[in-house]
Trainee: 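Provided herewith is a single structure, encoded as structure tokens, for subsequent inquiry.
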Amino acid sequence: MSSRPRAAWPLVAVFTAGYLAAYLLPTLVGRLSTYLGLSSAQAGLVGSALLLSSASAGFALAGRVERFGSRRPARAGLLLAALGYGCAALTTSMPLVVVGVVVGGFGSGTATAVAASGIAAQKDPHRTSSLGLLSVSATAGALYLTIPHLGGGHRLPFASIALVALLVWPATSRLGGSSPVGGASPVQGRLPHRRSGLVLAGGMLVWSMAQNALWGVSSRIGAVQVGLSEVTIGAVFAAALGAGLLGVMGAGMLGARLGRAVPIGLGTMIIAGSIVLSSSAEDLGSFATGEIAWNTFYPVVLSYLIGLAASLDVRGRWAVLAGSASSVGTACGPLLGSVLSEQAGYAVMGLILGAATLLVAAPVTAVALHTGGRPLVPGSVRRRGGAPAALLAATTNSLSGAVPKLGAPEQAVAEISVPALRRRRLGRSAFRTAGPAGGAGQSNAYASTSDR
């Protein structure tokens, strides 16, 4: 991908098309159960197949978007989504529906992976991810308001996702193409922050599993336990997603003022309580309160998690891998929710999911404290294997302007590739420490070459 950031709106559009299926999961699962005669567990399994296919696309593309460029895989993903979901909408044969769901899910995952890589390359990844969540929440909220009034069996939700994929197609012309011949090849180096990235990916897997276990059976809770009609449930979901819009806008305005640890940790605690309240609801008031509170903070925390993953690697590899791990959790969620609700009831399911959400909050918040959104203070910026840059600058005779101010944003480090032939010509004597005198006694954070 080009080092020059491109406009954010094409990425937001592709992100919306890729994430929409997960947001419409309760309607997809509910209508498969109602109109195709599937049990709750069977319908949840179809939803899990969709999301697992989406996750597999993310794992396959991690670190490879640079090689292909953004435009081609984005168009391929949107085309697969339109074909897969369109085929699922046009047939009542269960095997063909499953095939269409899997193909469409792979297309959604491809589009999401492209968007995640592009978001990581933006100057402000959190702002762009917030815009993406704002867009997909608004689109899903509008569909939740209209779909219950239009009927259409299982066809309408799938057709809506396919239509959105087609509408987003023109935006891909603004995405970057493949790298030119002879240009810089994608770096195959080791992933930075491997331990933090693995902890974050594992935490997002469990976190997403708990969220979507409830989201996948929310319509069943409203219909079976609370006794609401589909129109009323759709109105509750639309109100909840509307509250999510306000939450995302608030997160966008807040930005990194509080860092990432506070929104992630506190937001996850509120989400856990909302899960328990929603799953144990027996009337409209408690059900709506739980769903609205949950959907208010869910996209807020998710936007910070996406931004945190993007900050671990500017090339977007951790953003794609963590997003794919989240998709695996999302895929397992509907089936887990269906099995738990059938075996233990909705209230016990909520307690289990709330406890799991609280447990995963600690390691994810620790990653945010350790690597994400840190203020630039003396000792916080390090070269790979080197000494703290700000600390060295403060202890030498360097200019005062070289010492970072407290609270300044962390600066990115650009990598410069040297051709193999040139590397063979350069020996250790060709390098010296940078500084006013360039002597051996000067300690500084960066090195330069004397051979230019």
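Note that the numbering runs from 1 along the sequence shown for the chain.
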Trainee: Quick one: does any side-chain atom of Ser303 pair with a main-chain N or O of Val300 as donor and acceptor, under 3.5 Å?
Mentor: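 The answer is yes, because a donor-acceptor pair under 3.5 Å joins these two groups.
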Trainee: Looking at Ser326 and Ala322, would you say the former's side chain and the latter's main chain have a donor-acceptor pair under 3.5 Å?
Mentor: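 Answer holds: no.
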Trainee: On a heavy-atom basis, which atom in His154 and which in Arg31 lie closest, and how many Å separate them?
Mentor: CA-CB, 4.1 Å
Trainee: Name all residues meeting the side chain to side chain donor-acceptor pair (under 3.5 Å) criterion together with Thr268; count only those two or more places apart in sequence or in a different chain, and write none if there are none.
Mentor: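 Counting only residues at least two positions away or on another chain, Thr268 forms no side chain to side chain donor-acceptor pair (under 3.5 Å).
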Trainee: Answer yes or no: does atom CE of Met269 have more than 12 heavy-atom neighbours from other residues, nucleotides or ligands under 6.0 Å?
Mentor: no
Trainee: Name the residue from Thr92, Val98, Leu96 that meets the side chain to side chain contact (heavy atoms under 4.5 Å, CB included) definition with Met94.
Mentor: Val98
Trainee: Within the side chain of Thr110, is there an N or O that forms a donor-acceptor pair under 3.5 Å with the backbone of Phe106?
Mentor: yes
Trainee: Would you check if Val14 and Leu175 make a side-chain contact, meaning some heavy-atom pair closer than 4.5 Å?
Mentor: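 Yes, side chains in contact.
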Trainee: Identify the two heavy atoms, one from Gly197 and one from Leu312, that lie closest to each other, and give their separation to 0.1 Å.
Mentor: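 It is CA-CD1, 3.8 Å.
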Trainee: How far apart are the closest heavy atoms of Thr365 and Gly265, and which atoms are they?
Mentor: OG1-CA, 3.4 Å
Trainee: Between Ser135 and Leu131, is there a donor-acceptor pair closer than 3.5 Å when you use the side chain of the first and the backbone of the second?
Mentor: no
Trainee: Any side-chain to backbone donor/acceptor pair from Ser33 onto Leu38? Under 3.5 Å, distance only.
Mentor: yes
Trainee: Regarding Thr172 and Arg75, do their side chains bring together a donor and an acceptor under 3.5 Å, going by distance alone?
Mentor: yes
Trainee: How close do Leu11 and Val114 get, heavy atom to heavy atom, and via which atoms?
Mentor: CD2-O, 4.3 Å
Trainee: What pairs of residues pass the side-chain hydrogen bond (donor to acceptor under 3.5 Å, both in side chains) test when at least one of them lies in residues 273-287, not counting sequence neighbours?
Mentor: Ser278-Glu291, Asp283-Ser286
Trainee: Between Val236 and Tyr144, is there a side-chain heavy-atom distance shorter than 4.5 Å?
Mentor: no
Trainee: Any side-chain heavy-atom pair from Leu51 and Leu25 closer than 4.5 angstrom?
Mentor: yes
Trainee: Any heavy-atom pair between the side chains of Val301 and Ile271 that's under 4.5 Å?
Mentor: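 Touching, per the 4.5 Å side-chain cut-off.
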Trainee: Could you pull out the closest heavy-atom pair between Leu133 and Pro299, with the gap in Å?
Mentor: CD1-O, 3.3 Å
Trainee: Using the test side chain to side chain donor-acceptor pair (under 3.5 Å), find all partners of Ser341 that sit at least two apart in sequence or belong to another chain.
Mentor: none
Trainee: Rounded to the nearest 0.5 Å, what separates atom OG in Ser137 from atom CG in Asn295?
Mentor: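 If we round to the nearest 0.5 Å, Ser137:OG and Asn295:CG are 8.0 Å apart.
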Trainee: Trp207 vs Tyr298 aromatic rings, parallel, tilted or perpendicular, using cut-offs 30° and 60°?
Mentor: parallel
Trainee: Would you confirm whether Arg174, through its side chain, and Pro10, through its main-chain N or O, come within 3.5 Å as a donor-acceptor pair?
Mentor: no
Trainee: How about Phe15 and Trp9: are their ring centres within less than 6.0 Å of each other?
Mentor: no
Trainee: What pair of heavy atoms forms the shortest contact from Ala162 to Gly86, and how long is it?
Mentor: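 Closest approach of Ala162 to Gly86: CB-N, 3.8 Å.
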Trainee: Please check this pair: side chain of Ser208 against backbone of Met204, looking for a donor-acceptor N/O pair closer than 3.5 Å.
Mentor: yes
Trainee: Between Ser173 and Pro170, is there a donor-acceptor pair closer than 3.5 Å when you use the side chain of the first and the backbone of the second?
Mentor: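 Yes: the side chain of Ser173 pairs with the backbone of Pro170.
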Trainee: For residues Tyr85 and Ser160, is any side-chain donor paired with an opposing acceptor at under 3.5 Å?
Mentor: no
